[in-house]
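This report concerns only the one structure given below.
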Amino acid sequence: MQNLLDELNERQAQAVRATHGPVLVIAGAGSGKTKTLTHRIAYLVTEKGVKPHQILAVTFTNKAADEMRKRAATLLGANPNQWRIWQGFGTGPALGTFHAICARILRQEAGRVGFKREFAIYAADEQKSAVKKVMYNEGVSPKDVNPSAILNIISRAKNELLTPKQFATQTDGPFEETAAALYEHYQEYLKENQAMDFDDLLFNTVALFKKHPDVLKSYQERWPYLMIDEYQDTNQSQYEWARLLAGTTKNIFVVGDDWQGIYSWRGANIRNILEFEKDYKGAQTILLEQNYRSTAPIVALGNAIISGNATRMKKKLWTDRAEGHTPEVWQVANESREAEKVLEIICELENNRHPDRAYSQAEGSRESSSGAGDVDPSTSRVRSAQGDGGGEEITYDYAAEGGGSGILDQIMKGFKAGKKKYRSGDMRLQTSKIIPFDLGTKKITWNNYVALYRTNAQSRVLEEAMLKYGVPYRLVGGIRFYDRKEVKDTIAYLKFLINPNDVLALERIINEPSRGIGDKTLGRIYTQSREEKKDIMTCVLENEEIEGLAQNRFELFKEFMDVFSRAREKLAEMTVADAIDFLLSRAGYSDALKALGNDVVDKLENVAELKSVAKKFASLKGSQGIEAFLEDVALVSDQDTFDPTKGDALTLMTLHSAKGLEFNTVFLVGMEEGLLPHANSIIDPQQLEEERRLCYVGITRARDRLFMLFARQRTIYGSVSITTPSRFIAELGDEHVEFHEDGMA
């Protein structure tokens, strides 16, 4: 075991050896927190005699859980696949996301919360469909009330562990009163469909623990060692869940970084990590401050930007990677030029790295005869000469009381004091280097590069530039594989197979392919099944007719139900892939896809890819395999779909999606007021601090190179506006960055 500890630095080893009582590990960006967590698991098992199944380690994404599982299994010489939690919790450590662990608990204890173990987990689009139905039933028009806004309020209430009745006593105004009423009916609808949404998984598990102390005690005894990753991202329900499991021993080990707390919009409460030592008296706190990811200039820049936050734990990251390129800030004309500048910089980097290769069609740069980039600090103006040598003035009018205190005024104040090197001799105007239209065919390792932005709307122009120059790219957070129609249809077939109460799944597939069954037929069958208190499939198959329903319609419906009945007869011997083949073939869906003509290849390939995903559940047959598969795909996050090993492409993603990842070269685009920080955050000090943390996250994704870009004007959401540089640029400090102005329009 000494060899295992030898792999760690002093602070990491200290954390690994802290095996009892409450422990808080503040792990800075790139400081090896996953290594620390997995080595602690191995240490508990090999040095402290802890049984692997006595350890529960929880994180936020399937990707992080899989990485943790693989590393810990390697250290212990085990097979990571044997540690998966698809069939109960097994003999290995329980390693998974909050939602996956809770789903598994609820499968085992479903009867205690009034559900069958085959309950469905509704994804975001299914939740929206459900709440729309509830609104329709209650006479609330989706045209008058936004269903997504209602869902957000319901989600907030669940995250705060408020029942519909409790929430109804705390509403603020008519809109929340409407949401509270819909919340109650929404829960009734979910229960009728034997379904839970994501928030219910935590909500119902906490309710289970509180209502059934014996159940809580059994899990406390099973998992005397509780470990939680990314603790700064926990919300109230996750906090309470962990508190209950920690029990009286308070044997809880949490790892996180308050500097990277960026999810308040989805309920995360940074107070959970900031006040951990108050919540758990006598807690041991360990700081991991050595950064193994980034160069010294990038680490120093990260420290500088986060120092602007008043609410933060004190630490200072450092690195042994002393050498490195100074991060660069580029001002460009507009968002189109910003996208091209990203590709130009890549060309330049690749030319420097491989001078024998030609990545551009033009060489060198020339300075404008006007002394480009002149700055007049007395008038707060930036004069940007164009590529043809002409000069266009863009004036930012931010003169305020007392001599000017706008964001640009702060930046210009730095010019005047000589603190920032924005003098014309330093602001060198470079003409555009023409990007070859076949850039994508060049020998470039595109996986080394990522462009990060604050809002999804910013991806459009970047995508257009990639397409224009043939650059391969992957868009994280765009239309996901699991959002494709044929994939969702196939999943709905499986959902209804194991849960014939799932009305939403049935409505999705009843006319896929078309059977001419309308809402009236469905409505009459739903009514009959409720009257008989049976699921839809059983109700239809046990009746010869249904009053008020045309016999031919009923027979069509019965024929469709017979497909699922026959599948259920064979289910015990079926794998997930077998079930997909059986259902799609017998229901005529496969033939319908083949008849689509030009679109058939992609759609069939997508169904085939879904079956490939199902292969990892091949050892599980029957409903258990399908439950595990559906649970897995329901809980997939954007980050889980990011796989740089599949092909070589430049990555485009939001800053929120990037947390936990790293790249050789990072481009932060849209460094402007209203984008970063976002316009919705500027007037709220707490939200502004979160925006600064988001900027910090973007900076610390970079290993070797970092470029930040802002435009003088930007077209977004359909309007063109003169922009203001982000206030965060004013906080960078000239000792940490180099400033450049691009002169191309």
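Salt-bridge annotation for R243 and E240: present, with a side-chain N of the basic residue lying under 4.0 Å from a carboxylate O of the acidic one. Note on D562 versus R566: salt bridge recorded, some NZ/NE/NH1/NH2 to OD/OE distance being below 4.0 Å. Look at R515 and E559 and you find no salt bridge, because none of the NZ, NE, NH1 or NH2 atoms lies under 4.0 Å from a carboxylate O. Note on K570 versus D578: no salt bridge recorded, every NZ/NE/NH1/NH2 to OD/OE distance being 4.0 Å or above. Look at K616 and D632 and you find a salt bridge, because one of the NZ, NE, NH1 or NH2 atoms lies within 4.0 Å of a carboxylate O, short of that distance. Between E609 and R484 there is no salt bridge, since none of the side-chain N atoms of the basic residue sits less than 4.0 Å from a carboxylate O of the acidic one. With salt bridges taken as basic N to acidic carboxylate O contacts below 4.0 Å, one links D66 and R69. Looking at E126 and R508, no side-chain N of the basic residue comes within less than 4.0 Å of a carboxylate O on the acidic one, giving no salt bridge.
Counting only distance, with no hydrogens or angles, the side chain of N511 and the backbone of I517 share a donor-acceptor pair below 3.5 Å. Distance alone, capped at 3.5 Å, is enough to place a donor-acceptor pair between the T490 side chain and the E486 backbone. Of the possible donor and acceptor atoms, one in the side chain of Q238 sits under 3.5 Å from a partner among the backbone N and O of N235. A donor-acceptor distance shorter than 3.5 angstrom exists from the side chain of R568 to the backbone of L497, with no hydrogens or angles considered. A distance-only check finds no donor-acceptor pair linking the side chain of D535 to the backbone of N501 [under 3.5 Å]. Side-chain atoms of S612 come within 3.5 Å of backbone N or O of A608 as a donor-acceptor pair. A donor-acceptor pair under 3.5 Å links the side-chain atoms of Q127 to the main chain of Y122, judged by distance alone. A donor-acceptor contact shorter than 3.5 Å links the side chain of Q220 to the backbone of L244.
Put simply, the residue from D279, N272, N269, T234 that forms a side-chain hydrogen bond (donor to acceptor under 3.5 Å, both in side chains) with Y239 is D279. Just one residue in the list I536, L541, N543 forms a side chain to side chain contact (heavy atoms under 4.5 Å, CB included) with C539, and that residue is N543.
Taking a 6.0 Å sphere around CG of D172, one finds it holds 12 or fewer heavy atoms contributed by other residues, nucleotides or ligands. For CD of E547, the number of neighbouring non-hydrogen atoms (other residues, nucleotides, ligands) closer than 6.0 Å is 12 at most. Heavy atoms from other residues, nucleotides or ligands lying under 6.0 Å from CZ of F175 number more than 12. Atom NZ of K534 sits in a crowded spot, with more than 12 heavy atoms from other residues, nucleotides or ligands closer than 6.0 Å. More than 12 heavy-atom neighbours from other residues, nucleotides or ligands sit within 6.0 angstrom of NZ on K488.
A perpendicular orientation is assigned to the rings of F617 and F629, their planes being inclined by more than 60° (bins at 30° and 60°). Between H656 and Y263, the ring planes lie tilted relative to each other; the angle falls in the 30° to 60° range.
With no hydrogens or angles considered, no side-chain donor-acceptor pair links E192 and Y526 at under 3.5 Å. Of the N and O atoms on the side chains of Q194 and N499, not one donor lies less than 3.5 Å from an acceptor on the other residue. Side chains of E109 and Y219: a donor-acceptor N/O pair is present below 3.5 angstrom, by distance only. Q528 and E532 share a side-chain donor-acceptor pair at under 3.5 Å. If you check the side chains of D200 and Q187, you find a donor sitting under 3.5 Å from an acceptor.
Looking at residues two or more places apart in sequence or on another chain, you find a salt bridge (charged side-chain N to carboxylate O under 4.0 Å, His left out) between D214 and R112.
Counting heavy atoms from C-beta outward, F554 and T521 have side chains that stay 4.5 Å or more apart.
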Y189 vs N137, side-chain hydrogen bond (donor to acceptor under 3.5 Å, both in side chains): CA-CA, chis, key distance, verdict: CA-CA 11 Å; Y189 183 87; N137 292 338; over 6 Å; no
